[in-house]
There are 2 protein chains.
Amino acid sequence: MLDERTERVLWAVIQSYIENPDPVGSRYVTKKYAFSYSPATIRNIMADLEDMGYLKQPHTSAGRVPTDKGYRYFVEHIISRDIGYDERLVEELERRIKNMVEDMDGVLNEATKTLSTLSHFLGLAISPGPEGSTLRRIELVPYKDDRIAVLILTDEGVIKHKIIKNEFSLTANDLSSIAKYLNREFTGYTIKEIRNQLVKELAEDKNLCDTLIERALKLCHESLDEYGANVFITGLSSILDLPDFTDIEKIKELSKAIEDKHKMIKLLDRIVQTEGVQVVIGSENPIKEMSAMSIIASTYKDKDRPAGIVGVIGPKRMDYKAVITLVDTAARYLSKIFEEGGGK
Amino acid sequence: MLDERTERVLWAVIQSYIENPDPVGSRYVTKKYAFSYSPATIRNIMADLEDMGYLKQPHTSAGRVPTDKGYRYFVEHIISRDIGYDERLVEELERRIKNMVEDMDGVLNEATKTLSTLSHFLGLAISPGPEGSTLRRIELVPYKDDRIAVLILTDEGVIKHKIIKNEFSLTANDLSSIAKYLNREFTGYTIKEIRNQLVKELAEDKNLCDTLIERALKLCHESLDEYGANVFITGLSSILDLPDFTDIEKIKELSKAIEDKHKMIKLLDRIVQTEGVQVVIGSENPIKEMSAMSIIASTYKDKDRPAGIVGVIGPKRMDYKAVITLVDTAARYLSKIFEEGGGK
DNA sequence: TATTAGCACTCTATGGAGAGGAGTGCTAAA
DNA sequence: TTTAGCACTCCTCTCCATAGAGTGCTAATA
């Protein structure tokens with residue numbers, strides 16, 4: 001643990017570096033943060049901090065810059081003490097989503113935009129995977145020719161529609177019976193359970209003739225196929241205005257990383273394993289292309305079940321306290337919204 | 001009009017510049033393109049081309065670079081002669097969308113990805129506005145509490161679902177009657193017609209008591225609300241690899257432009273007024289932030305009606321022939337696909 | 001013992017000078 | 001009409017010197 005004075009110096013360096021991405025010198029620290037010690041003393045302390053790995057010098061005669069470990073120390077303190085509540089975020093969100101009813105994707109999209117606007121970084125949200133949602137109702141509607149429109153409604157407001165081929169030439173009546181059967185059989189189960197069940201039953205019945213039930217199961221199986229989570233990332237242009245992104249290579253890496261949505265989901269699932277705001281600083285990130293960035297993310301709940309993820313991606317040099325507060329507020333707000341049942 | 005020799009020189013300069021973004025000198029042109037004239041002669045011709053505004057010099061002692069007018073001259077010749085057919089595009093698209101059924105947005109998304117991959121620029125697609133689609137069927141399904149799930153199916157495969165509040169506490173029976181009424185009344189009309197009709201009827205009936213019909217109309221009106229076109233833009237990271245984007249400011253401008261989807265729709269609607277591939281070169285673009293870019297776009301049809309737009313955005317310095325061919329092929333292919341009725 | 005003043009040292013950033021080079025325009029000859 | 005020759009322009013790169021910021025160390029101080 002650091003003694004209080006050392007900690008204050010670390011804090012001052014980080015604070016200053018966040019405001020302005022120039023290496024911080026000892027003289028500057030004493031003046032700006034009104035230390036009652038001379039620059040020489042501060043220099044000694046900063047040398048200590050460098051030995052311990054909290055700061056480093058870009059080159060011999062430059063000031064100091066925080067390391068990932070330095071940020072980490074700083075962030076631990078914030079998380080254990082200072083998470084507040086961001087009024088503006090809630091107001092802005094209220095305003096934006098007031099006309100949305102049960103449109104979770106729409107709400108999440110607005111949430112990323114708001115997070116991006118308020119943080120000036122990338123706003124990020126992942127919709128709940130369907131696995132945990134509970135089926136409420138499934139509708140089969142004849143479309144045209146040999147097509148069927150399937151509408152899937154879940155308790156959590158996750159909805160999906162899909163058009164599939166009607167390979168068995170089912171009539172409207174057949175469809176209605178099948179829908180009744182499926183609703184009776186599967187309502188109240190989670191998508192995951194249903195999918196498992198389907199695989200099992202289809203395997204067992206493999207050798208039976210084409211009963212209506214088998215067709216129903218196949219239809220259902222096809223409908224639940226490719227029923228994946230959505231990723232929303234907003235704000236690339238605002239992040240480019242930061243002085244941190246003068247290097248084209250960094251921009252390329254970042255834009256590649258966020259274009260690969262699949263990778264993004266995997267990354268965030270890995271990060272957000274436990275409850276509460278999670279902070280990943282620079283090289284703590286398993287994706288090495290993002291080692292210049294930090295991720296602040298949290299899960300939001302949907303009917304008391306951890307559902308999707310919401311967060312902010314920005315440069316390591318960020319106002320962690322503000323962003324953590326922002327993300328925490330967003331996660332809580334979304335949880336509240338979805339608990340009440342959709343938009344408003 | 002330019003005489004043949006002059007035209008060949010213009011062609012050579014553009015060709016060379018497209019391969020490599022360095023100003024093109026007279027000596028280089030004679031050697032690389034095996035002209036039977038000396039550099040001095042070529043110099044004279046290039047000076048003429050500069051006087052006419054087809055070429056310009058970045059500075060006195062540099063080679064020449066094509067102007068927008070130069071590209072334009074070049075492009076007119078391509079469009080009137082050389083639009084081919086891009087085999088790879090079609091193969092790639094076939095492969096990607098073979099499992100998509102009636103999912104127009106999915107198809108368009110894959111189309112932009114493919115265009116981006118093959119052109120190395122930004123792939124772009126806009127889904128049809130709903131205005132022209134013909135309603136095929138509308139379904140009302142009770143969801144939970146006071147919510148109703150609405151499923152709208154159109155002839156063109158544009159589908160939408162929405163959850164709306166049930167402000168009138170309608171029962172499942174009411175809903176079924178309402179759906180029947182709406183289907184009887186509106187099937188076969190375009191969304192635009194229906195919307196107009198609704199506005200009219202609702203205005204007329206304003207003073208009547210809440211009949212079921214009025215409720216139906218209101219419900220319908222609410223469902224058609226906010227039923228807009230989607231914009232798909234893919235490939236920012238691949239375009240950043242080009243030597244044209246060493247300037248951060250350009251990247252910022254571009255990323256801002258493509259984030260503003262609303263503006264993008266307006267822009268493209270304006271560009272693509274007539275049939276066939278349209279080419280907008282640099283400053284011909286009304287959005288001045290995009291004056292370093294060219295846009296190649298075309299409409300695709302959906303059941304013989306011009307529907308949405310598909311295209312490529314890249315630097316002015318692009319292989320117009322290849323990209324025009326690519327976009328034209330994509331537009332034709334999409335038209336074919338949608339005519340047949342969805343994915344495959 | 002902890003702090004501080006002083007100072008030599010290191011490294012970067014900046015800007016100017018000069019060389020090198022690419023390409024032009026012009027002139028005069030073929 | 002074409003071309004060779006040449007002077008000229010302007011960019012780019014490198015080198016170098018200088019200024020400035022900030023450090024680490026040493027010795028003095030409270």
Side-chain angles (χ1 to χ4, degrees), chain A residues 2-10 12-17 19-67 70 243-244 246-247 317, chain B residues 2-10 12-17 19-67 70 243-244 246-248:
Chain A
L2 304 177
D3 66 66
E4 198 213 318
R5 196 179 61 172
T6 313
E7 196 173 281
R8 268 189 71 209
V9 173
L10 175 59
V13 172
I14 292 178
Q15 203 60 30
S16 163
Y17 193 69
E19 279 171 28
N20 189 332
D22 292 331
V24 185
S26 53
R27 206 182 113 83
Y28 185 79
V29 168
T30 48
K31 280 187 74 172
K32 177 85 183 282
Y33 295 90
F35 275 83
S36 54
Y37 299 98
S38 75
T41 309
I42 301 297
R43 268 206 293 285
N44 289 330
I45 298 173
M46 283 165 83
D48 291 345
L49 281 167
E50 181 161 10
D51 289 340
M52 291 185 283
Y54 293 107
L55 298 178
K56 70 166 188 285
Q57 287 180 290
H59 53 83
T60 328
S61 69
R64 257 87 176 191
V65 158
T67 60
D244 307 69
T246 33
D247 184 9
R317 183 185 76 82
Chain B
L2 304 177
D3 66 66
E4 199 212 318
R5 195 179 62 171
T6 314
E7 196 172 278
R8 269 189 69 209
V9 173
L10 175 59
V13 172
I14 292 178
Q15 204 60 32
S16 162
Y17 192 69
E19 279 170 27
N20 188 331
D22 292 331
V24 185
S26 54
R27 205 180 114 83
Y28 185 80
V29 167
T30 49
K31 279 188 75 172
K32 175 85 183 282
Y33 295 90
F35 276 84
S36 54
Y37 299 98
S38 75
T41 309
I42 301 299
R43 268 208 292 286
N44 289 329
I45 299 174
M46 284 164 83
D48 291 345
L49 281 167
E50 181 161 10
D51 288 343
M52 292 185 283
Y54 294 107
L55 297 177
K56 69 165 189 284
Q57 288 180 290
H59 54 83
T60 328
S61 70
R64 258 87 176 190
V65 157
T67 61
D244 307 67
T246 32
D247 184 9
I248 304 250

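Below, chain A is the first sequence line, B the second, and so on; all start at residue 1.
The separation between A:R43 atom CZ and C:dA2 atom C1' is 16 Å, rounded to whole Å. The distance between atom OH of B:Y17 and atom P of C:dG23, rounded to the nearest whole Å, is 14 Å. Per the geometry, NE2 belonging to A:H59 stands 10 Å off P belonging to D:dG22, to the nearest Å. Distance CG (B:N44) to P (D:dA4): 13 Å, rounded to an integer number of Å. When the P atom of D:dT23 is taken as reference, atom NZ of A:K56 falls 15 Å away, rounded to whole Å. One atom, CG of A:D22, and another, C1' of D:dA21, lie 11 Å apart when rounded to the nearest Å. Rounding to whole angstrom units, CD1 of residue A:I42 and C1' of C:dA2 are separated by 13 Å. Note: OH (B:Y37) to C1' (D:dT1) measures 10 Å, nearest angstrom.
At a threshold of 4.0 angstrom between heavy atoms, the contacts of B:T60 are confined to the sugar-phosphate backbone, with no base atom among them.
Remark: B:R43 is not positioned above the aromatic ring of B:Y37, lacking an NZ or CZ atom under 6.0 angstrom from the ring centre and at most 45 degrees off the axis. In this structure, B:R8 fails the cation-pi test against B:Y33, since its NZ or CZ atom is not both closer than 6.0 Å to the six-membered ring centre and inside 45 degrees of the ring normal.
Within the 4.0 Å cut-off from OP1 or OP2 of C:dG25, at least one side-chain nitrogen or oxygen of B:R64 is found. Between D:dT23 and A:S26, a contact under 4.0 Å exists linking OP1 or OP2 to a side-chain N or O.
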Inset, instruction - Dump the intermediate steps for salt bridge (charged side-chain N to carboxylate O under 4.0 Å, His left out) on A:R64 and A:E50, then the final yes or no. - result: CA-CA 8 Å; A:R64 257 87 176 191; A:E50 181 161 10; 2.8 Å; yes

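Taking the nucleotide of DNA chain D with the nearest heavy atom to each of A:A62 and B:P58, the more 5' of the two is matched to B:P58.
Residue A:S61 places a side-chain atom within donor-acceptor reach of the base of C:dT10, judged by atom type and a 3.5 Å distance cut-off alone.
Between the side chains of A:D3 and A:T6, at least one donor-acceptor pair of N or O atoms lies under 3.5 Å.
Closest to the B:A47 side chain, of the nucleotides C:dG25, D:dT3, C:dT4, is C:dG25.
Residue A:K32 places its NZ atom among more than 12 non-hydrogen atoms of other residues, nucleotides or ligands, all under 6.0 Å distant.
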